[in-house]
There are 2 protein chains.
Amino acid sequence: MTRAEENYIKTIFHLGGATSQLISTNAIAEEMETKPSSVTDMAKRLADKELVNYVKYQGVSLTVKGVKTALAIIRKHRLWEVFLVKKLDFTWDEVHEVAEQLEHIKSEKLIDQLDALLDFPKYDPHGDPIPSKTGEFKERDKQLLSELPVHAKGVCVGVKDTSSAFLRFLDKNKIALGHTITILDKEDFDDSLRIQIDGRELQISNQIATNLYVKKE
Amino acid sequence: MTRAEENYIKTIFHLGGATSQLISTNAIAEEMETKPSSVTDMAKRLADKELVNYVKYQGVSLTVKGVKTALAIIRKHRLWEVFLVKKLDFTWDEVHEVAEQLEHIKSEKLIDQLDALLDFPKYDPHGDPIPSKTGEFKERDKQLLSELPVHAKGVCVGVKDTSSAFLRFLDKNKIALGHTITILDKEDFDDSLRIQIDGRELQISNQIATNLYVKKE
DNA sequence: AAGTATTTTTAGATTTGTCTAAAATTTTAA
DNA sequence: TTAAAATTTTAGACAAATCTAAAAATACTT
């Protein structure tokens, strides 16, 4: 498996998951910041290797083998993210770029031992679940903060947007995974929220609330 | 810098160090298990980037910039080796292959933090010195065990051959870095040695003795 | 010093992954 | 339902890194 192939597989999983829904070459090209014609070329190569089903003019979906491959890469990516934050004091907005490189390192022992060093973490620094060695992968029970009714309480368990800008905003406002958030009030006009977190009161925009995952209490 | 370029720079340093001695394309090809014609191509590319001096039909040597690059890669390689052994329980014969991959990861913060996590180690698991961030690099004062006279004492500080076969031999015979070795006797016929190590007596061949570095006491 | 052997380079081909521009197909919409 | 718009594929080109086979340069040897 080449690095490029791995990146395509990961992107296809990101866009379509394990479903058989066909993902267009255009969508993949957009996500990977490349051209549709390049995607077509790669789609054929991946189909030859039985990692994807490719239907001309329709798109691609991952085969069982492709899903397995994708989960292995995601497992590596997220374990490395945990390592960077827990052991090397990276902030959660710094990890992605380096993990993108580390995820391609080939060594089963390396990943198994890293998993052990980190105490077999279940979630990465953004709250996303880490697939097990065998590819088990349970999406956490969660919902967007914006979907909670007034007076409801939830524990912050993840972020949808993982951009540096958003993550740094959260750091600046001391909003971190594990914190309990209570919705004090909703503003109909702009859908902004008044929340309580960590004993503080905060006014947050709808854009923030639609990118924060919470687990209802 | 591409991965291939980095590997060439590393090999040239390995064969010629920081000297201006020209290394033949043949020697490089042999070391890298590739063809001399491929080395010629790369030599031109590296010369374009001012990483090597290339003299047609004579060979290449590293420029100052090339040496700096080589030391940065070696620093990364050796720090990762320490990490694998100290944190992930790799044995010293398992680290090379994985470190070959990890040494190409690009992130200054990653290496700085890794260095700190490992407590700023001075030597890698094979006893080779780790260049500092600024490229400082002092070869340890050492000599081959085979060069020691009878009754001399030395501390084991490194290995010349880093093959799995040799390293596993050392493990099996409980010869490790830091152990004190005393030469009890030399056999003229085959240059084998009778040594004392860790309270035990051991007969070792000349081939072993010419691949073990000690620091005379 | 000339001729052979060795080393090194050049020329041309291959693979991977990418691109642009043009052709083919599918979708949308009047 | 047919023309226009959008999407997707093909064709041809390019760069990196490699190879083989042949040519060129250097080194050895008598």
Side-chain angles (χ1 to χ4, degrees), chain A residues 1-16 20-62 65-66 69-70 73 100-101 103-106, chain B residues 1-16 20-62 65-66 69-70 73 100-101 103-106:
Chain A
M1 261 271 192
T2 68
R3 192 155 300 227
E5 283 169 355
E6 289 190 351
N7 284 331
Y8 274 92
I9 292 294
K10 205 178 45 154
T11 301
I12 296 165
F13 183 87
H14 185 223
L15 293 175
S20 60
Q21 189 211 335
L22 293 171
I23 310 299
S24 78
T25 52
N26 233 14
I28 296 166
E30 178 129 337
E31 182 76 14
M32 299 186 72
E33 295 182 359
T34 181
K35 304 291 161 183
S37 56
S38 306
V39 179
T40 300
D41 283 354
M42 185 55 92
K44 289 174 183 168
R45 237 172 319 188
L46 294 175
D48 284 346
K49 298 196 175 187
E50 298 183 309
L51 290 162
V52 304
N53 307 113
Y54 169 50
V55 186
K56 250 195 185 189
Y57 290 104
Q58 303 299 310
V60 296
S61 66
L62 292 177
K65 192 174 156 191
T69 304
I73 301 167
E100 287 272 288
Q101 299 180 62
E103 74 190 5
H104 298 291
I105 304 290
K106 277 159 189 60
Chain B
M1 261 272 193
T2 69
R3 193 154 302 227
E5 285 169 354
E6 290 190 351
N7 285 330
Y8 274 92
I9 292 294
K10 206 178 46 155
T11 300
I12 295 165
F13 183 87
H14 185 222
L15 294 174
S20 61
Q21 188 211 334
L22 294 170
I23 310 299
S24 79
T25 53
N26 233 14
I28 296 165
E30 178 128 337
E31 182 75 15
M32 299 186 73
E33 296 183 1
T34 182
K35 304 291 159 183
S37 57
S38 305
V39 178
T40 301
D41 283 355
M42 185 56 90
K44 289 174 185 167
R45 250 192 311 251
L46 294 175
D48 284 346
K49 298 196 174 186
E50 299 183 310
L51 290 162
V52 304
N53 307 113
Y54 168 50
V55 185
K56 252 197 185 188
Y57 291 103
Q58 303 300 310
V60 296
S61 66
L62 293 177
K65 192 174 157 193
T69 305
I73 301 167
E100 287 273 285
Q101 298 179 61
E103 74 191 5
H104 299 292
I105 303 291
K106 278 158 189 60

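Convention: sequence-line order gives letters A, B, ...; per-chain numbering from 1. The shown structure was predicted, so the numbers you read here are calculated from the model rather than taken from an experiment.
Atom pair Asn7(A):CG and dT18(C):C1' shows a separation of 14 Å (rounding to whole Å applied). When rounded to the nearest whole Å, the span between CG of Asp48(A) and C1' of dG17(C) equals 15 Å. Spacing between atom CD of Glu6(B) and atom C1' of dA16(D) amounts to 15 Å, rounded to whole angstrom units. A straight line from CD of Glu5(B) to P of dT18(D) spans 10 Å, rounded to a whole angstrom. Across the protein-nucleic acid pair, Ile28(A) atom CD1 and dT18(C) atom P stand 13 Å apart, rounded to whole Å. Between Arg3(B) atom CZ and dA17(D) atom P the separation is 11 Å, expressed in whole Å. In this structure, CD of Gln58(A) is placed 14 Å from C1' of dA24(C), rounded to the nearest angstrom. The interatomic distance linking Met42(B) (CE) with dT8(C) (P) rounds to 18 Å, in whole Å.
Across all strands, Thr25(B) comes closer than 4.0 Å only to sugar-phosphate atoms, never to a base (heavy-atom distances).
Between dT18(C) and Ser38(A), no contact under 4.0 Å exists linking OP1 or OP2 to a side-chain N or O. Phosphate proximity of dT16(C) to Tyr8(A): absent, as no side-chain N or O sits under 4.0 Å from OP1 or OP2. The phosphate of dT8(D) has neither OP1 nor OP2 within less than 4.0 Å of any side-chain N or O from Tyr54(A). Regarding contacts with the backbone of dG17(C), every side-chain N or O of Thr34(A) stays at 4.0 angstrom or more from both OP1 and OP2. Between Ser24(A) and dT8(D) there is a side-chain polar atom (N or O) within less than 4.0 angstrom of OP1 or OP2. For Lys44(A) and dT10(D), the shortest distance from a side-chain N or O to OP1 or OP2 is below 4.0 Å. Note on Arg45(A): a side-chain N or O is less than 4.0 Å away from OP1 or OP2 of dG17(C).
If you find the closest nucleotide of DNA chain C to Lys35(A) and to Ala27(B), the one lying nearer the 5' end belongs to Ala27(B). Remark on DNA chain D: of its neighbouring residues Asp41(B) and Tyr57(A), the 5'-side contact belongs to Tyr57(A), judged by nearest-heavy-atom nucleotide.
A donor N or O paired with an acceptor N or O is found under 3.5 Å between the base of dT20(C) and the side-chain atoms of Ser37(A).
Put simply, the side chain of Lys56(A) never gets that close to the backbone of Tyr54(A): no donor and acceptor are under 3.5 Å apart. Within the 3.5 Å criterion, the main-chain N or O of Met1(B) finds no donor-acceptor partner in the side chain of Lys49(B).
Residue Thr2(A) places its side chain closer to dG17(C) than to any other of dG17(C), dT27(C), dT10(D).
A 4.5 Å side-chain heavy-atom check between Met42(A) and Met32(A) finds every atom pair outside the cut-off. Proximity of Arg45(A) to Leu51(A): side-chain heavy atoms (C-beta onward) are nowhere separated by under 4.5 Å.
Ionic pairing of Lys10(A) and Glu31(A) is not present here: no N-O contact between side-chain nitrogen and carboxylate oxygen is shorter than 4.0 angstrom.
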